Amino acid sequence: MERKSKSAHPGMSPINDAQLTRESWKIFQIMAEFVEGFERLARIKPSVSIFGSARTATDHPSYQQAEEIAHLLSDAGFSVISGGGPGIMEAANKGAYAGKSPSIGLNIMLPHEQTDNAYQDIPLHFRHFFSRKVMFVKYASAYVVLPGGFGTLDELAEILTLVQTGKTRRIPVILVDSSFWRGLIDWFANTLVAEGTIDKADLQLFKILDKPQEVVDAIFEHYGSRGFEPSAEEQEILLEL
C-alpha cells in the first residue's frame, strides 16, 4: 500500500471516544463472568465436563449414552458440567441431575439454537465463549466428548491444545463412539502426524471408548491412588490458565 493511500485507512484516523468507552466497559462484564464462575464452581470438584451436539434428539443413542455416562459419573462422586443447552448437553445434565452429585450448566447467550435445559442444579450464563471455555477447563478432572459439530470440535481442540502445550494439567480426554470419531483420528494420524504438525505422541492425549462404564473406569484408572485434587505444581499451572 502506498504511503498516501495508507493515511486514508480507518486505523490511521482518530479514535472514536464513544466507541472506545463502550468497549472499555465490556471489560467489567467479562470480569463479572469470571468472578461469578470462579465463586460458584470452586467447590464442585471433582468434576467432569461433557460435550456433544445441541441438535441430538432425545431418542438418539448418543443422547441415551450421554445420560447414562453422566448418571454413572454423578453417582461416582463427580459433578457434571455441560453447556446447559439441548441435545447431548441436556442428556448430560439430566443424567447428573438424577445422580448424587451436582449438575452444572454453563449456558451461552446465542441469537438462536441455545435454550437452557431444565436439569441444572447450578446454572451459569455467559455472553462470551472464551470466559465460558475457561470454566469448562478450570475445575475439570476429565473431558468426555460425544458426537457433535463445530462447537464440540472447538472444545476438543481447545483441551488438546492446552494439554499438549502444558497450559493445563494432563487429564483424561475421552471420545465416545469410535464409529463417529474414527475418521477424524485417522486424519490426525495420516495427515497431521505425517506432515509433522503434531507429534505421534500427541495421539496418546485422548482415548476412544464406546461403553459408559468404560468411561468411568478410564477416569479412575488415570488417577489411580493419587486422588483428583491437583498437585501443588498443577495448581500453579491452573493459575496461569
Side-chain angles (χ1 to χ4, degrees), residues 37-52 65-83 88 91-106 121-122 133-146 152 155-178 181 185 188 198-241:
F38 292 154
E39 288 183 345
R40 294 295 302 277
L41 301 182
R43 292 179 290 179
I44 65 166
K45 299 175 287 187
S47 68
V48 175
S49 293
I50 297 181
F51 303 93
Q65 196 170 37
E67 184 177 350
E68 184 178 353
I69 290 169
H71 199 162
L72 288 170
L73 288 168
S74 182
D75 282 347
F78 294 97
S79 299
V80 172
I81 304 173
S82 93
I88 297 296
N93 283 135
K94 185 177 181 181
Y97 197 75
K100 298 177 180 179
S101 304
S103 171
I104 296 101
L106 306 184
D121 296 304
I122 302 175
K133 288 166 79 172
V134 170
M135 300 306 154
F136 278 125
V137 179
K138 187 75 171 178
Y139 303 105
S141 297
Y143 258 41
V144 176
V145 189
L146 286 98
T152 302
E155 298 295 351
L156 173 59
E158 178 86 11
I159 190 61
L160 291 177
T161 301
L162 290 172
V163 173
Q164 180 202 51
T165 57
K167 288 298 289 183
T168 193
R169 62 177 179 151
R170 179 74 181 267
I171 64 174
V173 179
I174 301 170
L175 309 183
V176 180
D177 188 349
S178 57
W181 294 109
I185 304 313
F188 284 177
I198 66 171
D199 293 331
K200 187 175 182 180
D202 292 330
L203 299 177
Q204 305 304 312
L205 296 178
F206 54 85
K207 289 186 174 183
I208 307 176
L209 300 173
D210 289 297
K211 297 180 180 179
Q213 188 60 53
E214 290 177 341
V215 174
V216 180
D217 292 343
I219 295 171
F220 277 102
E221 181 182 350
H222 175 89
Y223 288 96
S225 59
R226 59 152 284 179
F228 299 103
E229 191 67 22
S231 66
E233 182 181 356
E234 289 172 338
Q235 288 175 5
E236 288 298 315
I237 291 173
L238 289 171
L239 281 174
E240 300 297 326
L241 184 63

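Fair warning: this is a prediction, and the values are worked out from it, not measured in the lab.
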Participant: Would you sort out whether Q65 and V176 count as a side chain to side chain contact (heavy atoms under 4.5 Å, CB included), showing the intermediate values?
Facilitator: CA-CA 9 Å; Q65 196 170 37; V176 180; 3.5 Å; yes

Participant: Apply side-chain contact (heavy atoms from CB on, under 4.5 Å) to T152 and list each qualifying residue two or more places apart in sequence or on a separate chain.
Facilitator: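 Checked T152 against side-chain contact (heavy atoms from CB on, under 4.5 Å); matches are F51, V145, W181.
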
Participant: Give the minimum heavy-atom separation between L205 and Q164, together with the two atoms involved.
Facilitator: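 In this case the closest contact between L205 and Q164 is CD1-CB, 3.9 Å.
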
Participant: Report yes or no: does K100 contribute a side-chain atom to a donor-acceptor pair with the main-chain N or O of A76 at less than 3.5 Å?
Facilitator: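 No; judged by distance alone, with no hydrogens or angles, the pair does not exist.
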
Participant: Looking at every heavy atom in both L209 and A218, which two are closest together, and how far apart are they?
Facilitator: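 Between these two residues, the closest heavy atoms are CD1-CB, 3.8 Å.
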
Participant: Is the shortest side-chain heavy-atom distance between Y143 and V137 below 4.5 Å?
Facilitator: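 Yes. Closest side-chain heavy atoms under 4.5 Å.
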
Participant: Could you tell me whether the side chain of S47 and the main chain of Y139 form a donor-acceptor pair under 3.5 Å?
Facilitator: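 Yes, the answer is positive, given that a donor and an acceptor are paired below the 3.5 Å cut-off.
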
Participant: Is there a donor-acceptor contact under 3.5 Å from the side chain of K167 to the main chain of E240?
Facilitator: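 Yes; at least one donor-acceptor contact below 3.5 Å.
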
Participant: So which atom in G166 and which in I237 form the shortest heavy-atom distance, rounded to 0.1 Å?
Facilitator: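 Nearest heavy atoms, G166 then I237: O-CG2, 3.7 Å.
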
Participant: For F136, is there any backbone N or O sitting under 3.5 Å from a side-chain donor or acceptor partner on S49?
Facilitator: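 Pair found, side chain donor or acceptor close to backbone of F136.
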
Participant: With the side chain counted from C-beta on, respond yes when R170 and H222 share a heavy-atom pair under 4.5 Å apart, and no when they do not.
Facilitator: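 When only atoms from C-beta onward are counted, H222 and R170 do touch, with a gap below 4.5 Å.
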
Participant: Please enumerate all residues that pass ring pair (Phe, Tyr, Trp, His ring centres under 6.0 Å) together with Y223, with sequence neighbours excluded.
Facilitator: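 Only F228 meet the ring pair (Phe, Tyr, Trp, His ring centres under 6.0 Å) criterion with Y223.
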
Participant: Enter the distance from L241:CG to T168:OG1 here, rounded to the nearest 0.5 Å.
Facilitator: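 Rounded to the nearest 0.5 Å, the CG-OG1 separation comes to 5.0 Å.
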
Participant: Starting at CD of E214, measure out to CD1 of I219 and round the result to the nearest 0.5 Å.
Facilitator: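 Separation between the atoms: 12.0 Å.
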
Participant: Working to the nearest 0.5 Å, report the span between CG of L41 and NZ of K138.
Facilitator: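 One gets 11.0 Å once the value is rounded to the nearest 0.5 Å.
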
Participant: Which value, rounded to the nearest 0.5 Å, describes the distance between I50 atom CD1 and F78 atom CZ?
Facilitator: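 Rounded to the nearest 0.5 Å, the CD1-CZ separation comes to 11.0 Å.
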
Participant: Answer whether the closest heavy-atom distance between the side chains of H71 and Y97 falls below 4.5 Å.
Facilitator: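 Side chain of H71 against side chain of Y97, heavy atoms only: no contact under 4.5 Å found.
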
Participant: Please list, chain by chain and in numerical order, all residues satisfying side-chain contact (heavy atoms from CB on, under 4.5 Å) with L203, sequence neighbours excluded.
Facilitator: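 Residues passing side-chain contact (heavy atoms from CB on, under 4.5 Å) with L203: F188, A189, V193, I198, F206.
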
Participant: With no hydrogens and no angle check, is any side-chain donor or acceptor of S79 less than 3.5 Å from a backbone partner on I44?
Facilitator: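 Side chain of S79 to backbone of I44: a pair is present.
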
Participant: Which pair of non-hydrogen atoms, one from V80 and one from A70, has the smallest distance, and what is that distance?
Facilitator: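 So the two residues come closest at CG2-O, 3.9 Å.
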
Participant: So which atom in S141 and which in I171 form the shortest heavy-atom distance, rounded to 0.1 Å?
Facilitator: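 Closest pair (atom of S141, atom of I171, distance): O-CB, 3.5 Å.
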
Participant: With salt bridge (Lys or Arg N to Asp or Glu O under 4.0 Å) as the rule and sequence neighbours excluded, what pairs involving residues 201-211 come up?
Facilitator: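 Found none.
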
Participant: So, using side-chain hydrogen bond (donor to acceptor under 3.5 Å, both in side chains) as the criterion, who are the partners of K133 when residues are at least two apart?
Facilitator: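 For K133, the residues satisfying side-chain hydrogen bond (donor to acceptor under 3.5 Å, both in side chains) (neighbours in sequence not counted) are D154, E158.
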
Participant: Look only at the side chain of S74 and the backbone of S101, and say whether a donor-acceptor pair between them is shorter than 3.5 Å.
Facilitator: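 At least one qualifying donor-acceptor pair exists.
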
Participant: Can you list every salt bridge (Lys or Arg N to Asp or Glu O under 4.0 Å) pair that touches residues 215-230, not counting sequence neighbours?
Facilitator: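 Qualifying pairs, neighbours excluded: K45-E229, R226-E234.
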
Participant: A side-chain contact here means heavy atoms from C-beta on lying under 4.5 Å apart; do V173 and L156 qualify?
Facilitator: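 With C-beta onward as the side chain, the pair touches.
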
Participant: So, for S82 and N93, which heavy atoms are closest and what is the spacing to 0.1 Å?
Facilitator: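 Answer, listing the atom of S82 first, then N93: OG-OD1, 2.6 Å.
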
Participant: Looking at CG of L175 and CG of L146, how far apart are the two atoms once the value is rounded to the nearest 0.5 Å?
Facilitator: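 So the gap between those two atoms works out to 9.5 Å.
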
